[in-house]
Amino acid sequence: VYKLQSFCCLTPMAADSVILDCPPTLTSQEQLKTQNDVTNTFKNFLLKEQGKDIELDRDLHTKWLKKGLQSLPANFSGLDASRPWFVYWISHALEVLGDYDETVWPSKVASFLGHCQEPTGGFAGGPGQLAHLAPTYAAVSALVIAGSETAYQVVNREQMYMFLMRMKCPEGGFKMHDEGETDMRGSYCAIAVASMLHMLTDELMEGIPEYVRRCQTWEGGLAGEAGLEAHGGYSYCGLSALCIAGKAHELDLHAFLSWAVHKQMSIEGGFAGRANKLVDSCYSFWQGAIFPLLHEAFRQQGVNMALPASHTWFAPSPLQTYVLLGCQHISGGLKDKPGKSADFYHTCYSLSGLSVSQHQVEGQMFVVGDADNLLERTDIYYNVLVEKAERKCSYFERLPPLTVNKRQIVGSEGKGAVEGRRRALAPKSAPKGTSKGGYA
């Protein structure tokens, strides 16, 4: 609370000291309004709560989430092609809150998502719709979260592999659906799905490092397509896809890190997705997870440099403060920023980012506010719980080799994801000092 008081006292001075090199624009006016909205939220907490710890209202959010997982109101009908996403967003939010009931939800999730699976492979946005890589990732992730063999068995792995190969493009990326667009989302969804199902192969990975590298911009981050602007969501997708396979060294990771550290907002505390954009709680994960991915990628690469043991180059305290004070909705769920409505997407990724920032790379915990704010640890490669990512292995590793079109496919989980999770689950000793130069 003392740090928050000091921060709020300094904020007006910091805001007034900003020097614009041009007349005010819509962008600069929106930025100033957002800064004021956030700092006013912080000040109101200090005035009303009188030294009370910052708290995550778990009961309120879990009640809101469970209601959504059971049924959605009629005004959601325009999102009928996103139904597996709702299952995933809500399921993951519940599991990081520690309130995903495995005696209730897995059978219901498996039953519904089974109706979304297309006979020719992949999952659609709803029953009877077109198979698409985005809901395929959401569906497979939700089934991994369900955590039962009944859920795992929903996926037709032979048809899934054929679907993924059908989506593969000659230039190295993946199109989102038949005759669909090709962008960085496709690469991540395809590689993450194949890895979660333990059927990632060289032919699926062929051309992916080169495709992702072509999308790295002069800024350091990744664009959705070559020649566009670096973006937090696409940057996570491309980096994570390569990290899963242990091929992140194909990128300029130093430039990537330099770009990412400049996306945490100095006043609001949260992340923006691009230069000159507003803070948004969903980037708590899309940007926040980039740092532990880079940390592990540097480690796996064996770079002769010191890696920080106590942080991953961003400030977890301001980020958690922004999410907890600025993004909890009084009716349940989390929102983009003060003044917005709660939704399942921002609830999922706000909590995911909160989890990433709480669980440090060498096993330390960093929790702002009440100790009960600590969430379960999410896996930085798939964004399901680390425990669920590990649990699936006992099922998929004992399956016989996959046969596709009379051809035996020898696939596995991505070696980068396996190694990263092994370290995340390993007992940690006290961090040791280093003398090498680097980012420590």
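By convention here, the first residue in the shown sequence is residue 1.
- Classification of R185 and E181 as a salt-bridged pair holds, one side-chain N sitting under 4.0 Å from a carboxylate O.
- Look at R299 and E419 and you find a salt bridge, because one of the NZ, NE, NH1 or NH2 atoms lies within 4.0 Å of a carboxylate O, short of that distance.
- Defined by atom type and a distance below 3.5 Å, a donor-acceptor pair is present between the side-chain atoms of H61 and Q328.
- The closest side-chain donor-acceptor pair between Y88 and N383 falls under 3.5 angstrom.
- No more than 12 heavy atoms of other residues, nucleotides or ligands shown are found within 6.0 angstrom of CD1 on I330.
- The pair D99-K66 meets the salt-bridge criterion, since a charged nitrogen lies less than 4.0 angstrom from a carboxylate oxygen.
- In this structure, D202 places its CG atom where only 12 or fewer heavy-atom neighbours from other residues, nucleotides or ligands lie under 6.0 Å away.
- Side-chain contact between F163 and L133: present, with at least one pair of heavy atoms (C-beta onward) separated by less than 4.5 Å.
- Between the side chain of T347 and the main chain of L334, a donor-acceptor pair closer than 3.5 Å is present.
- A distance-only check finds no donor-acceptor pair linking the side chain of H346 to the backbone of A342 [under 3.5 Å].
- Considering OH of Y345 and OG of S350, their distance stands at 9.0 Å, rounded to 0.5 Å.
- Of the charged side-chain nitrogens involved, at least one lies within less than 4.0 Å of a carboxylate oxygen, so that E413 and R421 count as a salt-bridged pair.
- Between D372 and R58 there is no salt bridge, since no side-chain nitrogen of the basic residue lies less than 4.0 Å from a carboxylate oxygen of the acidic one.
- No donor-acceptor pair closer than 3.5 Å links the side chain of S141 to the backbone N or O of A138.
- Heavy atoms from other residues, nucleotides or ligands lying under 6.0 Å from NZ of K415 number 12 at most.
- Closest heavy-atom contact between F42 and I267: CE1-O, 4.4 Å.
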Let's go through L97 and L56 carefully: what are the C-alpha distance in whole Å and the side-chain angles of both, what is the deciding distance for side-chain contact (heavy atoms from CB on, under 4.5 Å) to 0.1 Å, and is it a yes or a no?
CA-CA 10 Å; L97 287 166; L56 176 66; 3.8 Å; yes
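- Using a 4.5 Å heavy-atom cutoff, the side chains of I145 and W105 are not in contact.
- When atom types are taken as modelled, the side chain of Q364 and the backbone of V361 share no donor-acceptor pair closer than 3.5 angstrom.
- The distance from the OG atom of S281 to the CZ atom of F271 is 12.5 Å, given to the nearest 0.5 Å.
- Using a 4.0 Å cut-off between charged nitrogen and carboxylate oxygen, D37 and K33 count as a salt-bridge pair.
- Looking at every heavy atom in both residues, R214 comes nearest to E171 through NH2-O, 2.7 Å.
- Not a single donor-acceptor pair under 3.5 Å links the side chain of S82 to the backbone N or O of W85.
- In this structure, E203 places its CD atom where more than 12 heavy-atom neighbours from other residues, nucleotides or ligands lie under 6.0 Å away.
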CA sep, side-chain torsions, deciding dist, call: L197, Y161, side-chain contact (heavy atoms from CB on, under 4.5 Å)
CA-CA 10 Å; L197 297 176; Y161 192 85; over 6 Å; no
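- Between the CG atom of D280 and the OH atom of Y322 there is a distance of 6.5 Å, given to the nearest 0.5 Å.
- Within the 4.5 Å cutoff, the side chain of Q129 has heavy atoms near those of the D80 side chain.
- The nearest pair of heavy atoms linking A124 to E118 is CB-CG, 4.4 Å.
- Not one N or O on the side chain of K263 forms a donor-acceptor pair closer than 3.5 Å with the backbone of Q287.
- Counting only N and O atoms by type, the side chains of N405 and E158 include no donor and acceptor under 3.5 Å apart.
- With S235 contributing its side chain and G221 its backbone, the two residues share no donor-acceptor pair below 3.5 Å.
- Across all non-hydrogen atoms, the minimal contact from A230 to T217 is CB-OG1, 3.6 Å.
- The shortest non-hydrogen separation linking L113 to V87 is CD1-CG1, 4.4 Å.
- In the model, H92 has a side-chain atom that pairs as donor or acceptor with a side-chain atom of S352 under 3.5 Å.
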Residue pair S240, Y382: steps toward the side-chain hydrogen bond (donor to acceptor under 3.5 Å, both in side chains) verdict:
CA-CA 8 Å; S240 186; Y382 309 131; over 6 Å; no
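- Looking only at side-chain heavy atoms (C-beta outward), L351 and F285 stay at 4.5 Å or farther from each other.
- Here the side chain of E95 pairs a donor or acceptor atom with the backbone of L385 at under 3.5 angstrom.
- Here the closest non-hydrogen pair linking R391 and A146 is NH1-O, 4.5 Å.
- The closest donor-acceptor contact from the side chain of K392 to the backbone of Y152 lies at 3.5 Å or more, if one exists at all.
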Could you walk me through whether H295 and W313 satisfy the ring pair (Phe, Tyr, Trp, His ring centres under 6.0 Å) test, starting with their C-alpha distance in whole Å, then the side-chain angles of each, then the deciding distance to 0.1 Å, before giving a yes or no?
CA-CA 9 Å; H295 191 282; W313 306 293; 5.6 Å; yes
Audit row: F314, V261, side-chain contact (heavy atoms from CB on, under 4.5 Å) steps and yes/no
CA-CA 6 Å; F314 76 98; V261 295; over 6 Å; no
Could you walk me through whether K175 and K168 satisfy the side-chain contact (heavy atoms from CB on, under 4.5 Å) test, starting with their C-alpha distance in whole Å, then the side-chain angles of each, then the deciding distance to 0.1 Å, before giving a yes or no?
CA-CA 6 Å; K175 57 188 177 183; K168 191 164 178 59; over 6 Å; no
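- No side-chain donor-acceptor contact under 3.5 Å links T403 and Q408.
- Residues Q358 and F366 have side chains not in contact (no heavy-atom distance under 4.5 Å, counting atoms from C-beta outward).
- Side-chain contact of E376 with Y100: a donor-acceptor pair under 3.5 Å is absent, judged by distance alone.
- We find that E219 and R274 are not joined by a salt bridge, their nearest charged nitrogen and carboxylate oxygen being 4.0 Å or further apart.
- To the nearest 0.5 angstrom, M365 atom CE is 5.5 Å from L374 atom CG.
- No side-chain donor-acceptor contact under 3.5 Å links Y381 and S195.
- You'll find the side chain of F45 reaches within 4.5 Å of the side chain of I54, heavy atoms only.
- With rounding to the nearest 0.5 Å, the separation of CG in L69 from CZ in F112 is 10.5 Å.
- In summary, the side chains of T27 and N276 do not present any donor paired with an acceptor at a separation below 3.5 Å, with no hydrogens or angles considered.
- No more than 12 heavy atoms of other residues, nucleotides or ligands lie within 6.0 Å of CD in E179, so this atom counts as exposed by the packing criterion.
- F396 and H198 have parallel rings, their planes meeting at less than 30° on a 0 to 90° scale where 60° marks the start of perpendicular.
- Separating the NZ atom in K335 from the NZ atom in K340 is a distance of 11.0 Å, to the nearest 0.5 Å.
- Under the ring-ring contact (aromatic ring centres under 6.0 Å, His included) test applied with Y137, the options F123, Y188, F174 reduce to a single match, Y188.
- For the pair L164/M199, a side-chain contact is recorded, criterion being any heavy-atom separation below 4.5 Å from C-beta on.
- Here the side chain of E250 pairs no donor or acceptor atom with the backbone of L242 at under 3.5 angstrom.
- Note on E149 versus R398: salt bridge recorded, some NZ/NE/NH1/NH2 to OD/OE distance being below 4.0 Å.
- Using modelled atom types and a 3.5 Å distance limit, the side chains of Q35 and E30 yield no donor-acceptor pair.
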